[in-house]
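Reading through the structure tokens given below for one structure.
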Amino acid sequence: MKQKTLTNTMDYQELADVYEQLDKTTKNLEKRDIIADFLKRTPKSELANVILFLNGEIFPSVSEEVLGIADKMVLKALSKITGKNENAITNVWKEKGDLGLVAEQVVKKKTQTTLSQEKLTISYVMEILRAIARFEGENSTQKKTGSLAKLLSSAKPKEARYITRTALGDLRIGVGFGIIRDAIVKAFNVEKEHVQHAYDFRSDLSELVLLAKESGNKGLKNVDLKVGKPLRLMLYQKAQGISNGFTRVGAPAAIEYKYDGMRVQCHFKKGEVTLFTRRLDDVTKQFPDLVGALKEHVSCKECILEGEAVAYNSKTKEYVPFQILGKRIKRKHRIDEIAKKIPVVLYVFDMLYLEGKNLLLEPFKKRRAALERIVRKKAWQVELAKQVITGNEDKAQRFYNEALEKHQEGVMMKKLDAQYQPGSRVGFGVKVKPILEPLDLVITGAIWGEGKRGKWLSSYVLSCKKGDVLAEIGKMATGLSEEQFEEVTKRLEPLITKTSGKRVEVQPKLVVEVGYEEIQKSPTYSSGFALRFPRLIRFRDDKEEPDDLERIKRIYQDQKSLSQKQA
DNA sequence: GCTGATGCGTC
DNA sequence: GTCGGAC
DNA sequence: GTCCGACGACGCATCAGC
């Protein structure tokens, strides 16, 4: 019996060593080989845990459970271990740019004063982390941070580094599903396409890896599309304008509105409807109105179809900003009441399965035709995504302009004979969105970065003018090259007027041109507005003054009047 | 009972 | 969602 | 082309602390 136990457990230390090796190389093939070797020597009983841990997960993504730990909770745990307050730990965090490294240091200092240590096994660490996830109610914060502190205290320094990163959901070892998939291929001598296939239809790494080990290609191939089980969505690449879109997907192409809503995968089986989000979370409860509309207007026994749920104003029949739809997304209470206040219309655009037949390999044209047969259009409830098929650039451009006038994001351009490729951003379809008129804003603050940006001020607080004073309008942290992060950090450091934790305030000198998708009303920023998807376009060293709030208000109003035109 | 902090999922 | 970097 | 990591705003749920 004892013998059996010995062969069936694995020390967390071994996993930590693997993490470190993965950390050291940037080469994907090396990463693959390291993981493949490790998987081969992992006992079957630990394999499900190991594969999740390698992917930085505690629960399979299909699970509804979450850990409920992020940076502030880790700070609390580290504070418990050291007896230092959270500010002191934050200062170390700022220097190191990685809470995992902070935990490692904390544990290293502590172990010098303690005597013996028991070894942590992989399943034990998993068990504790899952237990942490399940604390709820009164004092749950104490319990969570207490358990984490205890776990870290019993870990070796290197283990603490990776347990912390796992708790934060940010392993930072450059490993995602692509590399894990290739490692499974190598370790268990199976075909890449079969592993990918099983993942596309189940998204459960634990199930997948056992299948690969136990039943090989045959088992993986047998994993099939099932109504009620979500499959990974096809994603679309970005094209620069209509003309570029045609070169990418060919002409003629199907061109559809890109609605500003939420993507929904709808499963029908024996009169039951289940709705899934892009991350494959079940949101059936959140959208009872949609379930009802689908039951009424989709005529089939079994099917899977996909669409975009868009919120509108029931009185004026105007689309409303995405923020409003957002009120329904994570809702658990007063669902029916809000569903009446914020109705949604579903624009369906693809059909993946119908009456026992998997349509994924059928050309898009045919899938759309099936959709048109099965869905009985009902205005403001269930409609087909507006579409034209054309190879004519002018016609496409007019359709695109029309979509923008109706305040949608732009258009999708889809290859007519393309199959449905789950889970990848393959070039069978592209999205085309406009570039809006950029804003010139001044940097008034910054935040020290994490991980590969740990040495830089890497997120910048932006302000506009509001009369004689400045007013904040959000943060920006993308669009810069590494060189530019370095440069901005050097230029901002002498301008720092105040530091609090990882955040600094700076004299307003640096003006930047900022691109974005939309101006939103903001409850957070003093200007009353914020930018959706802000990014750096270029530095404006020729300017000293940022744009005035009046200009921002004007652009905001223009957006609104555009959306009203379509009503 | 209310408010702010924190975590998490949508885009 | 956006973007840059590495392969 | 593909994968990965480092980030944005918002709104909801939950919990701590008053």
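Below, chain A is the first sequence line, B the second, and so on; all start at residue 1.
OP1 or OP2 of D:dA9 has at least one side-chain nitrogen or oxygen of A:Tyr525 nearer than 4.0 Å. Under 4.0 angstrom from either OP1 or OP2 of D:dG11 there lies at least one side-chain N or O belonging to A:Gln323. For C:dT2, one of the phosphate oxygens OP1 or OP2 lies less than 4.0 angstrom from a side-chain nitrogen or oxygen of A:Lys431. Between A:Arg535 and C:dG1, a side-chain N or O to OP1/OP2 separation shorter than 4.0 Å is absent. The phosphate of C:dC3 has neither OP1 nor OP2 within less than 4.0 Å of any side-chain N or O from A:Ser481. Here A:Lys258 reaches the OP1 or OP2 of C:dG1: one of its side-chain N or O atoms lies under 4.0 Å away. Side-chain N/O atoms of A:Thr141 include none lying less than 4.0 angstrom from OP1 or OP2 on D:dC15. Within the structure, a side-chain polar atom (N or O) of A:Thr524 is placed less than 4.0 Å from OP1 or OP2 of D:dC10. Within the 4.0 Å cut-off from OP1 or OP2 of B:dT10, at least one side-chain nitrogen or oxygen of A:Arg279 is found.
For A:Glu136, the CD atom counts as loosely surrounded, since its 6.0 Å shell holds 12 or fewer non-hydrogen atoms of other residues, nucleotides or ligands. When the shell of 6.0 Å around NZ of A:Lys466 is examined, it contains 12 or fewer heavy atoms from other residues, nucleotides or ligands.
The CZ atom of A:Phe533 sits 5 Å away from the C1' atom of B:dC11 (whole-angstrom rounding). The distance between atom CZ of A:Arg331 and atom P of D:dC10, rounded to the nearest whole Å, is 18 Å. The distance between atom CZ of A:Arg232 and atom P of D:dT2, rounded to the nearest whole Å, is 13 Å. In this structure, the CG atom of A:Leu67 is 10 Å from the P atom of B:dG7, given to the nearest Å. Spacing between atom CG of A:Leu29 and atom P of C:dC7 amounts to 10 Å, rounded to whole angstrom units. In this entry the distance linking NZ of A:Lys238 with P of C:dG4 reads 10 Å, nearest Å. To the nearest angstrom, P of B:dG7 lies 10 Å from NZ of A:Lys144. In this structure, NE2 of A:His407 is placed 17 Å from P of B:dC11, rounded to the nearest angstrom.
At the heavy-atom level, A:Arg32 lies nowhere under 4.0 Å from the strands shown. At a threshold of 4.0 angstrom between heavy atoms, the contacts of A:Lys143 with the nucleic acid are absent. Nucleic acid contact for A:Lys31: none, since no nucleic acid atom lies under 4.0 Å from a heavy atom of the residue. Counting any heavy atom pair closer than 4.0 Å across all strands shown, A:Lys433 reaches sugar-phosphate atoms only and no base atom. Within the 4.0 angstrom heavy-atom criterion, no nucleotide atom of any strand lies near A:Gly515. Across all strands shown, A:Leu480 has heavy atoms under 4.0 Å from sugar-phosphate atoms exclusively, and none from any base.
Toward the 5′ end of DNA chain C lies the nearest nucleotide of A:Lys452, the other residue of the pair A:Lys452 and A:Thr26 mapping further downstream. Sequence order on DNA chain D of the closest nucleotides to A:Gly427 and A:Ile173 puts A:Gly427 first from the 5' end. Remark on DNA chain D: of its neighbouring residues A:Arg172 and A:Leu531, the 5'-side contact belongs to A:Arg172, judged by nearest-heavy-atom nucleotide. When each of A:Leu235 and A:Lys27 is assigned the nucleotide of DNA chain C bearing its nearest heavy atom, the one mapping closer to the 5' terminus is A:Leu235.
Across A:Lys386, A:Gln408, A:Lys414, a single residue satisfies side-chain hydrogen bond (donor to acceptor under 3.5 Å, both in side chains) together with A:Glu256, and that is A:Lys414.
Checking D:dA16, D:dC7, D:dG11 against the side-chain heavy atoms of A:Lys330 singles out D:dG11 as nearest. Counting only heavy atoms from C-beta on, A:Asp281 has its side chain closest to B:dG9 among D:dA16, B:dG9, D:dG11. For A:Thr478, whose side chain is taken as the heavy atoms from C-beta onward, the closest listed nucleotide among B:dT10, D:dA16, C:dC3 is C:dC3. Nearest nucleotide to the side chain of A:Arg532, out of D:dC10, B:dC8, B:dC11: B:dC11. Listed candidates were D:dC15, D:dC10, D:dC3. Nearest to the side chain of A:Arg181 is D:dC3.
A:Phe485 and A:Trp456 have parallel rings, their planes meeting at less than 30° on a 0 to 90° scale where 60° marks the start of perpendicular. Taking the six-membered ring where the residue is Trp, A:Tyr257 and A:Tyr259 present tilted rings, their angle falling between 30° and 60°.
Sorted by first then second residue, the salt bridge (Lys or Arg N to Asp or Glu O under 4.0 Å) pairs that include residues 55-75 of chain A, not counting sequence neighbours, are A:Glu65-A:Arg134.
Of the possible polar contacts, one joining the A:Arg535 side chain to the A:Phe533 backbone as a donor-acceptor pair under 3.5 Å is found.
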